[in-house]
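First the structure, in the form of structure tokens, and then the observations on it.
This is a predicted model, so every value here is computed, not measured. Only heavy atoms go into these numbers, but all of them, side chains included; no hydrogens, no water, no symmetry mates.
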Amino acid sequence: MTSSRGDERVKVVVKLEKDEDDYPPMDYEGLWALPVGEGLFQIDNVPFFAMGIAYGDIVSATAEQHELRFREVVRPSGHSTLRLIIYDEKDIPSVRALLEELGCSIERSHIQGLISVDVPPTVSLAVLRKTLDEGEAQERWGYEEACLAST
């Protein structure tokens, strides 16, 4: 259950809920996490499909069938998770630069054009939404808010 990098990270497996279009394309997502206490783990990557979970959240998980299965978010980190589907693959570097300039970090998926975005608590969601809404109106991308930090 540890990563090949030799650090303490483990995978916490989250069961995914599919929508009417049978999305996401898998039943489970494995999230990297750091053990922080008995049955508690700090999420250490940005989820691509899991809803309601953000980078840095403390979650509970139980060992079942040789896996750590997600139970619930115990302590939110204050981070938010957004997902973008960028329609033109060539646009990804400029979108990455734009989001990083706004203070976010991104991870690319194995699915063409899909990126997950970590929005730290220091970034204004209102400012970010304005930029995202403009790009959506220009048909550069579509986005969803997968986990919003409570303010």
Side-chain angles (χ1 to χ4, degrees), residues 1 3-4 9-34 40-121 123-151:
M1 279 192 250
S3 74
S4 60
R9 296 193 315 165
V10 296
K11 284 276 188 171
V12 172
V13 178
V14 180
K15 181 163 180 33
L16 302 174
E17 298 292 324
K18 291 186 181 271
D19 65 16
E20 61 277 356
D21 297 323
D22 207 29
Y23 186 86
M26 56 208 43
D27 295 324
Y28 296 91
E29 178 175 11
L31 301 177
W32 285 114
L34 295 164
L40 298 176
F41 305 86
Q42 183 173 31
I43 298 300
D44 195 37
N45 71 283
V46 187
F48 283 105
F49 303 109
M51 300 297 282
I53 304 173
Y55 175 82
D57 285 356
I58 304 296
V59 303
S60 64
T62 56
E64 294 177 29
Q65 300 172 347
H66 309 292
E67 292 181 329
L68 288 170
R69 298 270 176 100
F70 170 81
R71 290 288 163 240
E72 65 181 340
V73 174
V74 175
R75 191 168 65 242
S77 62
H79 287 244
S80 296
T81 303
L82 306 175
R83 287 190 266 278
L84 275 73
I85 187 75
I86 301 166
Y87 301 133
D88 183 348
E89 188 83 6
K90 294 187 298 285
D91 208 14
I92 291 176
S94 63
V95 173
R96 174 191 291 268
L98 173 67
L99 291 169
E100 288 175 349
E101 189 175 299
L102 292 169
C104 301
S105 60
I106 74 164
E107 291 188 26
R108 284 185 71 170
S109 168
H110 65 285
I111 296 174
Q112 185 172 336
L114 177 65
I115 62 172
S116 60
V117 181
D118 171 52
V119 184
V123 173
S124 164
L125 278 171
V127 170
L128 186 57
R129 268 194 200 105
K130 184 176 183 294
T131 300
L132 293 174
D133 289 343
E134 286 172 7
E136 196 168 55
Q138 296 164 0
E139 298 183 356
R140 291 179 68 195
W141 58 69
Y143 78 95
E144 73 174 350
E145 298 170 337
C147 179
L148 296 180
S150 53
T151 52

Check this for me: [X], atom [atom1], are more than 12 non-hydrogen atoms of other residues, nucleotides or ligands nearer than 6.0 Å?
{"X": "Lys15", "atom1": "NZ", "result": "yes"}
{"X": "Glu136", "atom1": "CD", "result": "yes"}
{"X": "Arg129", "atom1": "CZ", "result": "yes"}

Reported [atom1]-to-[atom2] distance for the pair [X] and [Y], which is rounded to 0.5 angstrom:
{"X": "Thr131", "Y": "Glu101", "atom1": "OG1", "atom2": "CD", "value": "9.5 Å"}
{"X": "Ile43", "Y": "Leu31", "atom1": "CD1", "atom2": "CG", "value": "5.0 Å"}
{"X": "Leu148", "Y": "Leu82", "atom1": "CG", "atom2": "CG", "value": "7.0 Å"}
{"X": "Leu125", "Y": "Lys130", "atom1": "CG", "atom2": "NZ", "value": "15.0 Å"}

Leu99 and Leu128: CA distance, side-chain angles, deciding distance, side-chain contact (heavy atoms from CB on, under 4.5 Å) verdict: CA-CA 8 Å; Leu99 291 169; Leu128 186 57; 3.9 Å; yes

Taking salt bridge (charged side-chain N to carboxylate O under 4.0 Å, His left out) as the definition, give me every residue that meets it alongside [X], ordered by chain and number, with sequence neighbours left out.
{"X": "Glu89", "answer": "Arg108"}
{"X": "Glu144", "answer": "Arg83"}
{"X": "Asp133", "answer": "none"}

Partners passing side-chain contact (heavy atoms from CB on, under 4.5 Å) against [X] (at least two apart in sequence or in another chain):
{"X": "Glu100", "result": "Arg96"}
{"X": "Asp91", "result": "Ile86, Asp88, Ser94, Val95, Arg140"}
{"X": "Ala61", "result": "Val12, Phe41, Leu68"}
{"X": "Pro25", "result": "Tyr23, Phe49, Ile111"}

With side-chain contact (heavy atoms from CB on, under 4.5 Å) as the test, would you mind laying out the steps for Ser105 and Asp118 before giving the verdict? CA-CA 5 Å; Ser105 60; Asp118 171 52; 3.5 Å; yes

Quick one: salt bridge (charged side-chain N to carboxylate O under 4.0 Å, His left out) pairs with a partner in residues 45-58, sequence neighbours left out? none

Main chain of Pro24, side chain of Lys18: is a donor-acceptor contact present, judged purely on distance under 3.5 Å?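 The answer is yes, because a donor-acceptor pair under 3.5 Å joins these two groups.
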
Please check: side-chain N/O of Asn45 versus main-chain N/O of Trp32, any donor-acceptor pairing under 3.5 Å?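 Yes; judged by distance alone, with no hydrogens or angles, the pair exists.
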
Not counting sequence neighbours, which residues clear side-chain hydrogen bond (donor to acceptor under 3.5 Å, both in side chains) with Arg69? List them please.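 Residues passing side-chain hydrogen bond (donor to acceptor under 3.5 Å, both in side chains) with Arg69: Gln65, Glu67.
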
Report the residues that fulfil side-chain hydrogen bond (donor to acceptor under 3.5 Å, both in side chains) with Glu139, sequence neighbours left out, ordered by chain and then residue number. none

Compare every heavy atom of [Y] with every heavy atom of [X], then report the nearest pair and how far apart it is.
{"X": "Ile85", "Y": "Gln112", "value": "CD1-O, 3.5 Å"}
{"X": "Thr81", "Y": "Pro47", "value": "CG2-O, 3.8 Å"}
{"X": "Gly103", "Y": "Pro120", "value": "O-CG, 3.2 Å"}
{"X": "Ser77", "Y": "Pro121", "value": "O-CG, 4.2 Å"}
{"X": "Pro76", "Y": "Val73", "value": "N-CG1, 3.9 Å"}
{"X": "Val14", "Y": "Ala50", "value": "CG1-CB, 3.9 Å"}

ring-ring contact (aromatic ring centres under 6.0 Å, His included) partners of residues 78-99, not counting sequence neighbours, each pair once: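 Found Tyr55-His79.
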
Under the ring-ring contact (aromatic ring centres under 6.0 Å, His included) rule, collect the residues that match up with Phe70, sequence neighbours excluded.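 Partners of Phe70 under the ring-ring contact (aromatic ring centres under 6.0 Å, His included) test: none.
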
